[in-house]
Amino acid sequence: MSYRPRIPSPDRRTVLRGSLAASAALTLPLTATAAPAFALSGRPRAAWGVQVGDVTASSALVWVRSDRPARMIVETSATESFRRARTWHGPLVGSGTDFTGTTPLYGLPAGEQVHYRVTLADPDDPRRTGEPVYGTFRTAPARRRDGVRFLWSGDIAGQGWGINPDIGGYRVYDEMRRLDPDFFLCSGDNIYADGVIEPSVTLPDGRVWRNVTTDEKAKVAETLAEYRGNFRYNLLDDNLRKFNAQVPSIIQWDDHEVRNNWYPGQILDDVRYTEKNVDVLAARSMRAFREYFPVSTLHESSGDGRVHRVVRHGPLLDVFVLDMRSFRNANSPGRQPDDTTGILGAEQLDWLKRELSRSRAVWKVIAADMPLGLVVTDGATDFEAVAQGDPGAPLGRELQIAELLRFIKHRRITGTLWLTADVHYTSAQHYAPERAAFKDFAPFWEFVSGPLAAGGFPANALDSTFGPDQVFVRAPDRANVSPMESPQFFGEVDIDGGSGELTVRLRAQGGSVLFSKVLRPGRVGQ
């Protein structure tokens, strides 16, 4: 199946020009050494751009950040002229949420382009408003024949590789924006709260990598203010803000939002931290995470307060967003013969099985923040993900995954595939029982793609418990290769509305498609 470029309608091109012009007017300088200090005079400003998250056929969640207390006002329209615009009165944003706010939109038309603008108003004088900030998104289709196309990746500003003005910042976001996907799935590590951003780094070949720096990125994040500053850091990049204004997101989290390889109950032995209780750090990070991303289950109106959720994107696609961090047991050698907690926790596993069995979508993407069959270590003896290098019957966290795979097979749930990032390279694994120690499951695919703006790493070893065959891999041959030395990676999923076929493309920054696989609908296993 060849790539089908989506040509925006004239109205959409025009409104994007207006959106980007507004963005340019509010551009934050890439050469700054600190986050912008906003003057307290004048009108409210939304210089950090806008975002939309968890878009369905009829709903979406709009995000903005102000420079001072303000009332958030959202207008939506079917046209760039904003004739017959609908007005949504959002929250009063203030210091309690770091001046961020989200407004839910309901009753939207399915399968349509929605233009929106966010205006910030002085709470004491509603006539005093800031310059509107514009964005656009497509709602999920109501009809199967319309098709769906999205991108996924993760791992942003890791290993000391931040926003480099010499190479144009996060250029990969401009490349992804030009592909005009329906949405972007971020598979975690949206920030590296444990990663310091130095002003410059000398590369092995003598070239110098130069970073935009901020006070909050000068040390590991511990306080709420430092976590907030980490989430703000990436929004200094103009490419990312333009991407956010055009492409809605589905966001999940992983370890670096808090600290490398963390798990609940962990007490740190790390001299960089004065706060040793990782549960305290995780609570602070989660507060900042919910402030800086439009996640439907974290919005105050939902009351769920969780990252794991289902985002339904029309008849062709349901996205099952996992949280493989908040409910896991401690990292260990992973050889337990009985493990009911695993990497998901018992309650999340029950939720996932229940929602998979209820899904009527043709394709069911399981968005995992860690891979299944790749061996990810944590120190000399412990393991960070599911696999632990033992090729035999399931043990430790593998027991929970075996239970899930068995459930999918016996319930004859069709169209499942796994997407993830985390390991900082790109690969495709096919899992099949005839190659596996555990055989009571149907074949499935797992695709890995990343990083977006972080160091590249060599490929991990495979664990054969579930019979993975790595049919493609592209990875550096040494650790922490900078984005100037190796391309960044992202994946593309294209579901054809006519045939229902799903095509996965693993892409490298620069426009090349490294690997492509077409999957046919209606099968328990591929």
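Just so you know, these numbers use all the heavy atoms, side chains as well, and skip hydrogens, waters and symmetry mates. Just so you know, residue 1 is the first one in the sequence shown, and it goes up from there.
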Practice item. Please test E384 against D255 for side chain to side chain contact (heavy atoms under 4.5 Å, CB included), starting from the C-alpha separation and ending with a verdict. Key: CA-CA 10 Å; E384 158 72 349; D255 56 336; 3.7 Å; yes

Review point. Who are the side chain to side chain contact (heavy atoms under 4.5 Å, CB included) partners of L224, not counting sequence neighbours?
Key: R228, R287, A288

Review point. Is it the case that Q246 and D180 place a side-chain donor and acceptor less than 3.5 Å from each other?
Key: yes

Check your understanding: Who are the side chain to side chain donor-acceptor pair (under 3.5 Å) partners of D350, not counting sequence neighbours?
Key -> none

Review point. Salt bridge (charged side-chain N to carboxylate O under 4.0 Å, His left out) with E257: which residues, sequence neighbours excluded?
Key: none

Exercise for review: Cation-pi check, R325 to Y263: give yes when NZ or CZ is under 6.0 Å from the six-membered ring centre and within 45° of the ring axis, no otherwise.
Suggested key: no

**Study point:** Residues in salt bridge (charged side-chain N to carboxylate O under 4.0 Å, His left out) contact with R144, at least two apart in sequence or another chain
**Key:** none

Check your understanding: Considering residues at least two apart in sequence or located in another chain, which fulfil the side chain to side chain donor-acceptor pair (under 3.5 Å) criterion with S359?
Key -> D318

Practice item. Start with the C-alpha gap between R259 and Y273, add the side-chain angles, then the distance that decides, and say whether side chain to side chain contact (heavy atoms under 4.5 Å, CB included) holds. Key: CA-CA 10 Å; R259 188 256 186 195; Y273 288 85; 3.1 Å; yes

Check your understanding: For F183 and V55, what are the C-alpha separation, side-chain angles and deciding distance, and is it a side chain to side chain contact (heavy atoms under 4.5 Å, CB included)?
Key -> CA-CA 8 Å; F183 65 89; V55 172; over 6 Å; no

Review point. Can you list the residues that meet the side chain to side chain contact (heavy atoms under 4.5 Å, CB included) rule with E355, with sequence neighbours excluded?
Key: V310, R312, F320, W351, R358

**Study point:** Gap separating the CG atom of L452 from the CG atom of L240, nearest 0.5 angstrom
**Key:** 9.5 Å

Check your understanding: So do Y116 and E75 actually touch side chain to side chain, heavy atoms under 4.5 Å?
Key -> no

Review point. How would you list, by chain and number, every residue that makes a side chain to side chain contact (heavy atoms under 4.5 Å, CB included) with V504, sequence neighbours excluded?
Key: W152, L417, F447, V493, L502, L506

**Study point:** Salt-bridge contact R241-D237 (side-chain N to carboxylate O under 4.0 Å)
**Key:** no

Review point. What distance do R128 atom CZ and R43 atom CZ have between them, rounded to the nearest 0.5 Å?
Key: 5.0 Å

Review point. Which residues pass the ring pair (Phe, Tyr, Trp, His ring centres under 6.0 Å) test with Y173, sequence neighbours left out?
Key: F243

Practice item. List in chain and number order the residues that pass salt bridge (charged side-chain N to carboxylate O under 4.0 Å, His left out) with D124, two or more places apart in sequence or in another chain; answer none if no residue qualifies. Key: none

Exercise for review: For the pair R127 and D122, find out whether any cationic side-chain nitrogen is under 4.0 Å from an anionic carboxylate oxygen.
Suggested key: no

Revision key, fill the gap. Rounding to 0.5 Å, atoms CE (M370) and CG (D422) come to a distance of 4.0 Å

Review point. Atom OG in S326, atom NE2 in H308: separation rounded to 0.5 Å?
Key: 9.0 Å

Review point. Say you draw a straight line from CG of L344 to CZ of F327; how long is it, rounded to the nearest 0.5 Å?
Key: 9.5 Å

Review point. Quick one: does E226's side chain get under 4.5 Å of K217's, heavy atoms only?
Key: no

Practice item. Please list, chain by chain and in numerical order, all residues satisfying side chain to side chain donor-acceptor pair (under 3.5 Å) with W262, sequence neighbours excluded. Key: none

Exercise for review: Mind telling me whether F289 and F231 have parallel, tilted or perpendicular rings, with 30° and 60° as the class edges?
Suggested key: perpendicular

**Study point:** Contacts of R309 that satisfy salt bridge (charged side-chain N to carboxylate O under 4.0 Å, His left out) - sequence neighbours left out
**Key:** D54

Exercise for review: Tell me, please, which residues at least two apart from E347 pass side chain to side chain contact (heavy atoms under 4.5 Å, CB included).
Suggested key: none

